[in-house]
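Since the structure comes first, as structure tokens, the remarks are kept for the end.
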Number of protein chains: 2
Amino acid sequence: MNIKDAGARAGLPAKTIRYYEEIGLVTPPRDTNGYRAFREADVHKLAFLGRARALGFTIEDCRTLLSLWEDDSRASADVKALAREHLAEIDAKIAALQDMRATLSDLVDRCAGDHRPDCPILQSIAGDQVPT
Amino acid sequence: MNIKDAGARAGLPAKTIRYYEEIGLVTPPRDTNGYRAFREADVHKLAFLGRARALGFTIEDCRTLLSLWEDDSRASADVKALAREHLAEIDAKIAALQDMRATLSDLVDRCAGDHRPDCPILQSIAGDQVPT
DNA sequence: GATGGGGTTCCAGTTACGGGAAGGTCAAGA
DNA sequence: TCTTGACCTTCCCGTAACTGGAACCCCATC
């Protein structure tokens, strides 16, 4: 199977697949014409990567997850630990974004949003004390 | 004032300030020795940038915000519109992260996390149907 | 034989800096 | 006066995970 079809089946663009090969995540064999020849196992692996990435795992996490997946003697504890760490990072990001959101949303609500220049948003960013 | 002190007062590392100068966000004059000589207004501008960045605005947004800030005839509607767009992006990111979080958290809960290889997390990423 | 749609490699750009090298400047102490 | 040590300068590379594009090759079809 050529790269585009493999990508279609795995849900990944060809560019991404080439990149994954470059960094050693997949190693499809080559046809005599130099084209990558994807086997079922390669496509499966690519789909695995796509789903892991969709869950927000980094490429290095994906590399680890792949090796765990392929290791029949893995301990599920190792997978769980990795997932937990990632979950903690997600939580941290959500918290940071929610902080931003709260501040910004408050400022937006206080801004008249008309033709006049007075703007609590700018005042706040400028470090001025904005009266409540 | 030299770069380190300006950074201390604005809450930014020197590297960041040099970068901001490079991309034209600030233009402190130079002393005869070539050192950047920050005025109060420069420090204030840097602090403005720091706070805008802390709210998650991109550098380009910051550039726009700065020009609005310095424009006495601005309309607060323009500031509000920019803030609203940014708020929408934040909301989108939060939503995406919460989706990830929900899926991942569910999988983590279902994983025994022991010495055995069976792992709903890997099964799910591999695309297998995991029984509820 | 031309055309169109694959494929290939390689290089540059993205965001917002951080690290580090090589070298100039300055104030203070021996 | 000389020497530290702490500044400052520029310049270049590296980050994450791709994406876009150029230049070129391959294959099937009309």
Side-chain angles (χ1 to χ4, degrees), chain A residues 1-39 42-43 45-46 48-66 85-86 89-90 92-93 96-97 100, chain B residues 1-38 42-43 45-46 48-66 86 89-90 92-93 96-97 100:
Chain A
M1 193 177 349
N2 283 350
I3 196 166
K4 218 180 180 191
D5 291 333
R9 290 195 36 201
L12 294 174
K15 276 276 188 185
T16 299
I17 298 176
R18 292 198 191 94
Y19 174 65
Y20 287 173
E21 189 197 36
E22 190 189 330
I23 62 175
L25 285 180
V26 285
T27 45
R30 300 293 183 122
D31 273 344
T32 50
N33 59 10
Y35 288 16
R36 291 170 185 82
F38 294 86
R39 300 153 298 186
D42 296 316
V43 173
K45 211 161 169 176
L46 288 170
F48 180 97
L49 289 168
R51 276 183 291 260
R53 291 287 298 130
L55 284 175
F57 285 103
T58 66
I59 290 285
E60 285 317 304
D61 283 346
C62 288
R63 201 186 294 279
T64 305
L65 286 170
L66 260 187
E85 278 179 43
H86 181 44
E89 280 161 23
I90 290 176
K93 282 187 191 171
L97 285 169
M100 283 181 197
Chain B
M1 190 177 352
N2 283 349
I3 196 167
K4 218 183 178 189
D5 291 333
R9 289 193 39 202
L12 294 174
K15 275 280 188 182
T16 298
I17 297 176
R18 291 199 191 94
Y19 174 65
Y20 287 173
E21 187 197 36
E22 190 189 331
I23 62 174
L25 285 181
V26 285
T27 44
R30 300 292 181 122
D31 273 343
T32 51
N33 58 12
Y35 289 16
R36 291 169 184 83
F38 294 86
D42 296 314
V43 173
K45 210 162 169 176
L46 288 170
F48 180 97
L49 289 169
R51 276 184 291 262
R53 293 285 299 128
L55 284 175
F57 285 103
T58 66
I59 290 285
E60 285 317 304
D61 283 346
C62 289
R63 200 186 295 279
T64 305
L65 286 170
L66 260 187
H86 181 44
E89 281 163 21
I90 290 176
K93 281 188 192 171
L97 285 169
M100 283 181 197

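Each chain gets a letter, A, B and so on, in the order its sequence line appears, and its residues count up from 1. What you see is a predicted model; the values in this text were computed from it and never measured.
- To the nearest 0.5 Å, atom CZ of residue A:F48 and atom CG of residue A:L25 are 10.5 Å apart.
- When side chains are defined from C-beta on, A:Y20 counts as touching A:I59, because their heavy atoms get closer than 4.5 Å.
- Contact annotation: A:R30 does not reach the phosphate of C:dG7 (side-chain N/O to OP1 or OP2, under 4.0 Å).
- Across all strands, A:Y20 comes closer than 4.0 Å only to sugar-phosphate atoms, never to a base (heavy-atom distances).
- Side-chain nitrogen and oxygen atoms of A:R36 include at least one within less than 4.0 Å of the OP1 or OP2 phosphate oxygen of C:dT8.
- Among the atoms of the strands shown, base atoms are found under 4.0 Å from some heavy atom of B:R18.
- The phosphate of C:dA16 has neither OP1 nor OP2 within less than 4.0 Å of any side-chain N or O from B:T16.
- Of the candidates C:dA16, C:dT25, C:dG6, the closest approach to any side-chain atom of A:K4 belongs to C:dG6.
- In this structure, of C:dG7, C:dG18, C:dA16, it is C:dA16 that holds the atom nearest to the side chain of B:T58.
- Considering only heavy atoms from C-beta on, A:K93 stays 4.5 Å or farther from B:K93 through its side chain.
- Across all strands, B:I3 comes closer than 4.0 Å only to sugar-phosphate atoms, never to a base (heavy-atom distances).
- Of all nucleotides listed (D:dT9, D:dG21, D:dC18), D:dG21 comes nearest to the side chain of A:K15.
- Out of D:dC18, C:dT25, C:dA16, the shortest distance to the side chain of B:Y35 is found at C:dT25.
- A sub-4.0 Å separation between OP1 or OP2 of C:dC26 and a side-chain N or O of B:N33 is present.
- Toward the 5′ end of DNA chain C lies the nearest nucleotide of A:D5, the other residue of the pair A:D5 and B:I59 mapping further downstream.
- Proximity of B:R63 to B:I23: side-chain heavy atoms (C-beta onward) are separated by under 4.5 Å at one or more points.
- Between A:T32 and A:P13, the residue anchored closer to the 5' end of DNA chain D is A:P13, taking for each the nucleotide with the nearest heavy atom.
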